[in-house]
Every structure is written in structure tokens, then in C-alpha cells.
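Report on the following structure.
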Amino acid sequence: MLECDFKTRLGNFSLQLKFALPSEGITVIFGQSGSGKSSLLNMIAGFDQPTEYGSIRFNDQNWLTLSSNTQTENTPIQKRKIAYVTQAPCLFEHLSIKQNLQYAIDRQHQKAVNDHDRYLSLADVSQHLNINYLWEKLPSQLSGGEKQRVAIARAILSAPQLMLFDEPLNGLD
């Protein structure tokens, strides 16, 4: 279960949310441009914190507790076991595509416990997203859609507990 209860102010924009979502399956959040979708994802990921109060819990993990601007708990981003694909793909420019993907595999958030928990292989994910022909290229040599497919593949290969996507189909044909 993902539980959020927070209030934050971003300039003249105020965002106040309280909800609980299942931790399994797919949940889609949609709304008009400027309605706070990206801000919500940034709060869940840990890139931003509420300015007034807030709590964010995922399953049995307390990721954030903030009351009256007094922080009592904040799990660092790297310990939240999430993958976040943003509107603009963020790849390591100095690494080849295969190295970008291997980076995710080397830092997988959880390891398989039994046969039911097997992860997709680099080859499988690359084939499904049609990026195997890109392995030796650098991100600067790719189109926007190719970069986005690599970013999605890297997110999948990191084996996170939670995946966040902010307009993941941006730039894809």
C-alpha cells in the first residue's frame, strides 16, 4: 500500500493530498497540465519534500514524516527502492547504452528469493523494447524515443518495489 498525506506550497500553487493506493498492479494519475502530477511523483520519489506537513508510507516502510516543518523521518532516495522514469530521459552520457542498462542490473533493489521472483534478463528487456541494436551507442547518438525506451528498460532492470512514470511515452512513436 502506498499511503500519502501531505500539503505543500510551490510558489502560488498549493497541493494537498491524502490517499492510499494498492502496491500491486497499475495506478494511473491524470489531470490537467500544472495540476501537480509531477510534484506528487517527486514527493513520492524523495526529490522534494512537503513544505507544510506530510507522511509517505510504502508497505511497511515509513519514507517520510514531517509535521509542522519538523522532520522526524526521511528515507534517502537511494533506499526507497523505486525506479523513476521522467518526461526527459536521464541517462549517463559517458556510458554506452549497454553500460547504462548494466548499471541498473548491478544495483538491483531486490534479489530473487525463489523461482517465482526471476527477473527479466538484459537480452529479454532489450528485445521487448527493441533496443539491442543500440547497446554500443552513447546516449548522445540516440533519438528522443530511443533514449526513452532505454530509460524504461533501465527502470525495469533495476527490479524496484515501485515504478514511477512521468509521461513515459513522451517522444515515442
Side-chain angles (χ1 to χ4, degrees), residues 2 4 8 10 21 23-30 33-34 36-50 56-59 61-64 71 73-173:
L2 173 63
C4 294
T8 192
L10 307 162
L21 300 171
S23 57
E24 294 183 6
I26 297 172
T27 299
V28 177
I29 299 168
F30 60 94
S33 181
K37 300 177 301 294
S38 296
S39 297
L40 168 62
L41 295 180
N42 286 333
M43 296 282 179
I44 294 168
F47 292 121
D48 293 330
Q49 290 187 21
I56 299 174
R57 293 188 52 79
F58 182 71
N59 293 337
Q61 305 160 35
N62 188 25
W63 284 352
L64 175 71
Q71 181 176 306
E73 187 165 343
N74 186 15
T75 302
I77 295 168
Q78 69 273 16
K79 293 188 178 182
R80 292 192 184 198
K81 300 179 183 176
I82 65 165
Y84 189 6
V85 178
T86 60
Q87 295 175 32
C90 300
L91 302 175
F92 297 113
E93 294 293 328
H94 65 289
L95 298 178
S96 71
I97 298 311
K98 187 174 183 180
Q99 290 169 323
N100 264 279
L101 299 174
Q102 188 62 48
Y103 182 88
I105 292 168
D106 293 345
R107 286 154 186 81
Q108 284 182 344
H109 290 298
Q110 53 191 12
K111 297 297 178 189
V113 176
N114 58 47
D115 287 343
H116 301 291
D117 292 334
R118 288 188 190 151
Y119 300 115
L120 294 171
S121 70
L122 172 61
D124 288 340
V125 172
S126 293
Q127 180 180 353
H128 287 296
L129 293 173
N130 192 25
I131 58 171
N132 10 8
Y133 70 96
L134 302 173
W135 280 8
E136 301 309 316
K137 293 186 177 187
L138 292 171
S140 62
Q141 298 171 304
L142 274 55
S143 71
E146 290 169 333
K147 287 179 186 179
Q148 194 69 344
R149 289 199 318 267
V150 172
I152 292 168
R154 192 172 63 185
I156 293 167
L157 290 169
S158 72
Q161 291 179 330
L162 177 66
M163 294 181 77
L164 303 174
F165 291 97
D166 191 356
E167 297 190 32
L169 304 180
N170 187 28
L172 295 180
D173 52 11

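All values derive from a computational prediction rather than experimental measurement.
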Practice item. Could you give me the CA-CA distance, side-chain angles and deciding distance for Val85 and Met163, then say whether side chain to side chain contact (heavy atoms under 4.5 Å, CB included) is met? Key: CA-CA 8 Å; Val85 178; Met163 294 181 77; 5.7 Å; no

If we ignore hydrogens and angles and just use 3.5 Å, is the side chain of [X] paired with the main-chain N or O of [Y] as donor and acceptor?
X: Arg154; Y: Tyr103; result: no
X: Glu136; Y: Ser96; result: no
X: Asn100; Y: Leu95; result: yes
X: Asn42; Y: Phe47; result: no

For the student: nearest non-hydrogen atoms of [X] and [Y], plus distance:
X: Glu146; Y: Tyr133; result: OE2-OH, 2.9 Å
X: Ala88; Y: Gln148; result: C-OE1, 4.4 Å
X: Ser38; Y: Gln87; result: OG-NE2, 3.4 Å
X: Ala153; Y: Ile131; result: CB-CD1, 3.6 Å
X: Arg57; Y: Asn62; result: NH1-CB, 3.3 Å
X: Ile29; Y: Lys37; result: O-CD, 3.9 Å

Nearest-0.5 Å distance, [atom1] of residue [X] to [atom2] of residue [Y]:
X: Gln141; Y: Lys147; atom1: CD; atom2: NZ; value: 10.5 Å
X: Asp124; Y: Ile156; atom1: CG; atom2: CD1; value: 11.0 Å
X: Asn59; Y: Lys81; atom1: CG; atom2: NZ; value: 10.5 Å
X: Leu91; Y: Leu138; atom1: CG; atom2: CG; value: 10.5 Å
X: Leu162; Y: Ile82; atom1: CG; atom2: CD1; value: 6.5 Å
X: Ile56; Y: Gln49; atom1: CD1; atom2: CD; value: 8.5 Å

Side-chain touch [X]/[Y], heavy atoms, less than 4.5 angstrom:
X: Lys98; Y: Leu122; value: yes
X: Thr75; Y: Gln61; value: no
X: Ile44; Y: Tyr84; value: no
X: Glu93; Y: Ser140; value: yes
X: Pro89; Y: Leu142; value: no
X: Ser126; Y: Leu101; value: yes

Practice item. Test Asn132 against Gln127 for side chain to side chain contact (heavy atoms under 4.5 Å, CB included), laying out the working first. Key: CA-CA 6 Å; Asn132 10 8; Gln127 180 180 353; 4.2 Å; yes

**Study point:** side chain to side chain contact (heavy atoms under 4.5 Å, CB included) between Leu2 and Ser23, worked out
**Key:** CA-CA 6 Å; Leu2 173 63; Ser23 57; 5.9 Å; no

Exercise for review: Could you tell me whether Glu24 atom CD has more than 12 heavy atoms of other residues or ligands within 6.0 Å of it?
Suggested key: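 Count not over threshold, so no.
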
Check your understanding: Could you go step by step and tell me if Thr8 and Ser39 meet the side chain to side chain contact (heavy atoms under 4.5 Å, CB included) rule?
Key -> CA-CA 9 Å; Thr8 192; Ser39 297; 5.9 Å; no

